[in-house]
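Here is the structure we will look at, set down as C-alpha cells.
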Amino acid sequence: MLEKAWNLRWERLGKHHRSMTYPHERFEQSRELLSLLTRIHLGAQAIVAGLMVEPIQLELVTLDEIKQELGKGTCKLCKHVTDLPAFAIKTEVRGPRGHRRGQVSKQAEMFREMLLAMTQDLRVVLILLIVGVHRLRHLAYTPVEQQMQVAQECREIYAPLANRLGISWLKNELEDLTFRYLYPHDFYALVRQIDTTQSERHDYIESVQQELNQIIEEQHLPGRVMGRPKHLNSIFRKMNRRQLSFDELFDIIAFRMICQSKEHCYQLLGAIHDKWKPIPGRFKDYIALPKSNMYQSLHTTVLGPEQKRMEIQIRTEEMHRVAEDGIAAHWIYKEGDTGAKAATDVQWLRSLLSLQDEKADADAFVANVRDHLFVSKVFVFTPGGDIKELRRGATPLDFAYAVHSQVGHHCAGAKINGRIVSLRYELRNGDIVEILTSPSAKPNRDWLEFVQSGRAKNKIRSFLRIEQRQQAIVDGRERLERGLPASHRNVSKLRKNGSLDKVCEQLGITSVDELLAQIGYGQVSVENVSRILVPPESSKPPEEDEEVTSRYSTRPSSGGILVEGLDDIMVRMARCCNPIPGDPIVGFISRGRGVIVHHKNCARLQKAELQRQIEVRWADDTSNIHSVSLRIITENRQTLLSQISQVFDNLKIQISRANCRSMGDESINLFRCHVSNVKQLKRLIRQLGDIRGVIRVERLRN
C-alpha cells in the first residue's frame, strides 16, 4: 500500500510540476515528508494519508481514487485530515521585547472541528503537525506574507498542540522554524552568536559528558549521557524574559542522563548534587509529579565546571521515549484502529471534551482551549492524594469544578492544607485542597469575578442561565395570572385545554414554558396574550373582579379613600392589585358599581377607558388594616420558619394565612398578613430579608 501511495503521489505531483526546473528537489522533499511520517510511529495507513494530503489539496487526486487504490480506511483518514479548514489567524508579530504589532484572532469553530477530529482519530492532528513541520522547512522561497501566515499558524496552534501531546522534538522544531520566519533578524543574529562560540561549546560539552559518564561508572549503573545546546527559540525566550544579552546567558547547555529505573534516577541525582552545587529553586521532580502530557524526568541546574550553570535531566529509557514521541509512544496502530481510545486517555483532552455537552458561546470555548494549550499550570492534591492540574492563579472554586460540576455548584467553602480559606485564595503548587459543600449552596454572579478556568466560568454561566430562565417562567406565570380576566386566570387549566398552545402558535414560540419565560423577561406582553385568549368583544370590564369595602359620603370612606368632586358614592378596592395606604392610586368609575381604586401601575387599569379614570387619594388619618400577600423564598432549613414568625410577632403584624412547601434545596412560603400602610410593609420586608437563609421576599399583588 505504501508503494502504491508513493507512486500515486509522485505521478500526480510530477504532472503538476512538469515545468519546474528542479524535479530532484521535489523528489527529496517527498522523501523528507515520508521520513517525518515514519518517525512518528503511526503505522502504514497514517503514513499513506500524510503523503496524500498535498495531492488532495491541489485537487490532483480524488477521495474516490484513494478509496479504490488504497482502501476505505485510508480514504476515511484522508477525508478527516483534508476536511479541516485553515486556521483563521490575523498576523500577530511580537518584537524582540514582546511588543505587539497586531492582534491574533482564532475562530472557535476551528477549535471545535479540530477537537472533534481528535476524538474520532488522534492521528488526524498528528498528521497535520508533521505536514506543518514539512511545510515550514520549505517556506524560504515563498512570498514573505505567506511565510508569516504559515509560521504564525504553526506557532499559535501546532507548537502548543505538539507540546500538550508530549512530542518534544516536534514542538522544538516547530518553535525554531517559526522563530526563523517571524523574527528573521533576531534569528540570524542569534545563530551568528552561537556559531562564534561553537568550538568552545563543543569542547565544554565533551568535557562534561566525560565527567557525567564517570559518575555513572562510579555508581555502577548502566546508562548513557547526551549533551546539547538548548534550541534557539528557548534561548531567545529566556533572553527576553530575563532581559539578558547572549553573553550574559550561562545555562544554554542541557545534558541528559539515561538510565534503567526510577531508583537509578534518584541515585544519580544524589551523586550529581554531591559533585556540583545545585542552584536553589531550580530542581523539578516530574517523575513523582508527571506533566499532563505524560512527560517524566528529573530536572536540576548546577554550577558545573568553570562555574557555569548547566541543566541536567535524568530519566529512564522509557521516559525518554515518551518525552520524544509523547502520546504516539503509547500505542502502535493496527489497520482500522482509529486511536479514539488514546485520545480519551489524555486528561486535558478529556476536559476539553466535556465542553461539547455545554451550550457555551465561542468566547468561552476559546478561553478554555487557551487554558489548556497556552497557560502555565499549578499542581495541587485532593485529600485522597490525586493530582489536579489547573492554570496558574486558579482558586478553590476552579478546583471544585475540575473535580465535578456538582461539587462546584454546591461549594460552600474550602480548606487548604487543613486550614479554612477564602474561595478567592490563589492555589500554590503542592496545596492539599478540600472542598466543603452544602445542599443549599449555589453559584452566584460574583464567582465569575475571580474564577480563572474557562471550564468553571462556563459551568457557572450555564447554571445562572438555567436558574434565570426558571425564575423568568415563574415571574411570567404570575404576570399572566394577574393580567388576565378572572375567567382565564387558571394557567394550569389554560395549559391543559390547549389555549396557551394556540397562543404559542400565533406568536411563533416553541413551547408554553418558552412563552412564560418571554413574558417573565418582558419580551412578550401580557396584553398581547390576553388579546389572543380573550378577544376584546368578550372581555369583561375590570370592575367585575372587585371587592366591596365601604360607601363614601362627604367624608373619607372606611377604606380611607377621598374621591374629589363626588359625594355619596360606593368605593371599592381593586383585588387585582390590592393597593394599601402609601401606594400611588387612581380611581376608575364603573357602571353601577361605584369607584374602583387601583394601583397606578396596575396592568388591568391600562386596558380601561382613560376618560373613566378619576383622581383619588388616601385620607391622612386612615387607620384601616389591609391584607397583603408575601412570598418568601428561603433555604430549606428547619429553624428559618420560626425566625420568620418572630419578625411578624415583633412588628405586631397578624398572619391570617400561611402556606409553606419545600422544592429541593429551597422553600417557598406564602403568607397573608394585615398591615396598616406601605411604610409598615417595607419595614417587614426589610427585616425578613435580613434573616440569614432568606433568598428573596416579594409582595404579591393579587
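Just so it is clear, the values below take in all heavy atoms, side chains as well, and ignore hydrogens, waters and symmetry mates. In what follows, residues are counted from 1 in the order of the sequence shown.
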*Do Val628 and Leu684 have side chains that get closer than 4.5 Å, going by heavy atoms?*
no
*Considering the options Arg469, Arg461, Glu467, which one meets the side-chain contact (heavy atoms from CB on, under 4.5 Å) requirement together with Arg465?*
Arg461
*Show your working on side-chain contact (heavy atoms from CB on, under 4.5 Å) between Arg686 and Val697 and close with a plain yes or no.*
CA-CA 9 Å; Arg686 183 173 63 252; Val697 183; over 6 Å; no
_Nearest-0.5 Å distance that lies between atom NE2 in His598 and atom SG in Cys576_ = 5.0 Å
*For Ile473 and Gln470, run side-chain contact (heavy atoms from CB on, under 4.5 Å): C-alpha distance rounded to whole Å, both residues' side-chain angles, the deciding distance at 0.1 Å, then the answer.*
CA-CA 5 Å; Ile473 291 174; Gln470 289 172 342; 5.5 Å; no
_Would Arg455 and Asn458 count as a side-chain hydrogen bond (donor to acceptor under 3.5 Å, both in side chains) here? Give the steps._
CA-CA 5 Å; Arg455 172 183 171 83; Asn458 184 51; over 6 Å; no
*Inter-residue atom distance Arg637.CZ - Ile691.CD1, 0.5 Å rounding*: 10.0 Å
*When the ring planes of His409 and Phe463 are compared, do they come out parallel, tilted or perpendicular, using 30° and 60° as the limits?*
tilted
*Considering residues at least two apart in sequence or located in another chain, which fulfil the side-chain contact (heavy atoms from CB on, under 4.5 Å) criterion with Val678?*
Ile580, Asp583, Lys682
_Assess, by modelled atom type and distance only, whether the side chains of Gln680 and Ser676 contain a donor and an acceptor separated by less than 3.5 Å._
yes
_Exercise: do Ser667 and Asn669 side chains pair donor with acceptor under 3.5 Å_ = no
*Candidate list Arg672, Arg657, Arg699, test side-chain hydrogen bond (donor to acceptor under 3.5 Å, both in side chains), partner Ser629, passing option*: Arg672
*Anything under 30° is parallel, anything over 60° is perpendicular, the rest tilted; go ahead and classify Phe671 against Phe648.*
tilted
_Heavy-atom donor-acceptor pair, Gln687 side chain to Ile685 backbone, under 3.5 Å_ = no
*Rounded to the nearest 0.5 Å, how far apart are CG of Leu688 and CZ of Arg683?*
12.5 Å
_Rounded distance (nearest 0.5 Å) linking atom CZ of Arg495 with atom CG of Leu515_ = 9.0 Å
*Take atom CD in Glu505; do more than 12 heavy atoms of anything else shown fall under 6.0 Å from it?*
no
_Tell me the closest heavy-atom pair linking Val694 and Gly689, and the distance in Å._
CG1-CA, 4.2 Å
*If you round to the nearest 0.5 Å, how far is CD1 of Ile632 from CD1 of Ile644?*
4.5 Å
*Assess whether side-chain hydrogen bond (donor to acceptor under 3.5 Å, both in side chains) is satisfied between Thr62 and Asp64, documenting all intermediate values.*
CA-CA 5 Å; Thr62 65; Asp64 287 338; 5.2 Å; no
_Taking Thr395's backbone N and O only, do any of them form a donor-acceptor pair with Asp398's side chain (distance below 3.5 Å, no angle check)?_
yes
*Are any side-chain N or O atoms of Asp649 and backbone N or O atoms of Ser645, one a donor and one an acceptor, separated by less than 3.5 Å?*
no
*Quick one: ring pair (Phe, Tyr, Trp, His ring centres under 6.0 Å) partners of Tyr425, sequence neighbours excluded?*
none
*Spatial distance of atom NZ (Lys76) from atom SG (Cys78) [nearest 0.5 Å]*: 13.0 Å
*Please report the shortest heavy-atom distance between Val586 and Val616, naming the atom on each side.*
C-CG2, 3.6 Å
*With distance as the sole test, does His410 use its side chain to make a donor-acceptor pair with the main-chain N or O of Ala441 at under 3.5 Å?*
yes
*Electrostatic pair Glu698-Arg696, nearest N-O below 4.0 angstrom*: yes
_Applying the side-chain contact (heavy atoms from CB on, under 4.5 Å) criterion to Leu480, which one of Val503, Leu516, Asp475 satisfies it?_
Leu516
